[in-house]
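Have a look at the structure below before the remarks.
Keep in mind the model is a prediction, meaning the values are calculated, not measured.
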Amino acid sequence: MAYRVLIVDDSPVMRSFIRRVMDVSGFECDRCLEAGDGEEALGLLRGEWVDIILTDINMPRMNGEQLLENLSEDDCLRSIPVLVVSTDATETRIQSMISLGAKGYVAKPFTPETLGRELTRLLGGNDA
């Protein structure tokens with residue numbers, strides 16, 4: 001099954017890198033949307049359905065925490081699993097993002113296997 005993915009990161013280079021890593025991991029992506037921050041992501045989600053959101057935390061205008069808060073307040077969007085992909089891998093930050101609704105957390109840098117395993121786990125595949 002191929003999935004629709006939204007990558008939210010203020011760095012176009014990082015968004016492109018995540019797309020390449022997803023390809024290498026074997027994760028089947030039917031459509032990959034991109035947003036430069038949470039505000040742009042919410043705008044895209046008004047017209048597009050996705051199966052999963054991968055988001056950074058530190059971004060301009062609307063950061064990853066604010067994005068999670070907005071998603072949790074929307075009846076239509078709160079069911080979309082969110083995977084945080086961030087350089088901030090402190091236990092405090094991870095727990096904070098999980099408490100806001102994130103379903104998983106991958107620390108940068110990461111391997112294709114790590115990203116693929118988390119995507120599969122969050123989308124109901126086998127736990128690897």
Side-chain angles (χ1 to χ4, degrees):
M1 175 178 201
Y3 296 97
R4 295 171 62 93
V5 177
L6 172 59
I7 301 170
V8 187
D9 196 299
D10 59 322
S11 167
V13 172
M14 182 52 69
R15 293 193 307 263
S16 177
F17 175 75
I18 291 171
R19 286 179 90 147
R20 284 194 314 273
V21 170
M22 282 192 310
D23 288 342
V24 170
S25 77
F27 180 77
E28 293 184 42
C29 184
D30 175 51
R31 180 136 190 244
C32 191
L33 304 169
E34 297 182 13
D37 60 37
E39 191 174 302
E40 185 179 349
L42 290 173
L44 281 171
L45 291 168
R46 287 187 187 97
E48 297 275 354
W49 176 257
V50 298
D51 296 297
I52 191 162
I53 299 168
L54 285 72
T55 187
D56 189 16
I57 298 172
N58 299 312
M59 297 176 287
R61 293 195 310 171
M62 183 185 290
N63 65 34
E65 289 179 343
Q66 294 164 320
L67 174 60
L68 281 168
E69 290 168 354
N70 277 270
L71 292 170
S72 70
E73 294 169 0
D74 187 300
D75 291 337
C76 293
L77 302 178
R78 75 169 49 120
S79 64
I80 303 170
V82 177
L83 176 61
V84 175
V85 181
S86 176
T87 56
D88 186 346
T90 63
E91 191 60 32
T92 301
R93 178 62 88 166
I94 293 169
Q95 290 308 312
S96 171
M97 297 304 284
I98 298 296
S99 72
L100 288 171
K103 301 299 182 200
Y105 203 104
V106 172
K108 296 175 190 173
F110 50 86
T111 64
E113 295 79 17
T114 299
L115 185 61
R117 185 173 47 247
E118 271 301 284
L119 289 168
T120 300
R121 180 184 71 81
L122 293 175
L123 292 167
N126 297 327
D127 287 335

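When the salt bridge (Lys or Arg N to Asp or Glu O under 4.0 Å) test is applied to R15, the partners found at least two apart in sequence or on another chain are E34.
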Take I57 and Y105, measure what side-chain contact (heavy atoms from CB on, under 4.5 Å) needs, and give me the verdict at the end. CA-CA 11 Å; I57 298 172; Y105 203 104; 3.3 Å; yes
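For the pair A41 and A35, the tightest heavy-atom approach, listed with the atom from each and the gap, is N-CB, 3.5 Å. In plain terms, the two heavy atoms of W49 and R4 that are nearest each other are O-NE, 2.7 Å. The shortest heavy-atom contact between I94 and A89 is CD1-O, 3.6 Å. The minimum heavy-atom distance linking G38 with L67 is given by the pair O-CD1, 3.9 Å.
Using the six-membered ring where Trp is involved, F27 and Y3 have ring planes that are parallel, under 30° apart on the 30 and 60° scheme.
No side-chain heavy atom of L115 sits under 4.5 Å from any side-chain heavy atom of V24.
Of the charged side-chain nitrogens involved, none lies within less than 4.0 Å of a carboxylate oxygen, so that K103 and E118 do not count as a salt-bridged pair. Ion pair D10/R61 not flagged as a salt bridge, since none of the NZ, NE, NH1 or NH2 atoms sits closer than 4.0 Å to an Asp/Glu carboxylate oxygen.
Hydrophobic clustering, with ILVMFWY side chains joined whenever heavy atoms are under 4.5 angstrom apart, groups V8 together with L71.
Applying the side-chain contact (heavy atoms from CB on, under 4.5 Å) test between I53 and each of V82, I7, V5 identifies V82 as the sole match.
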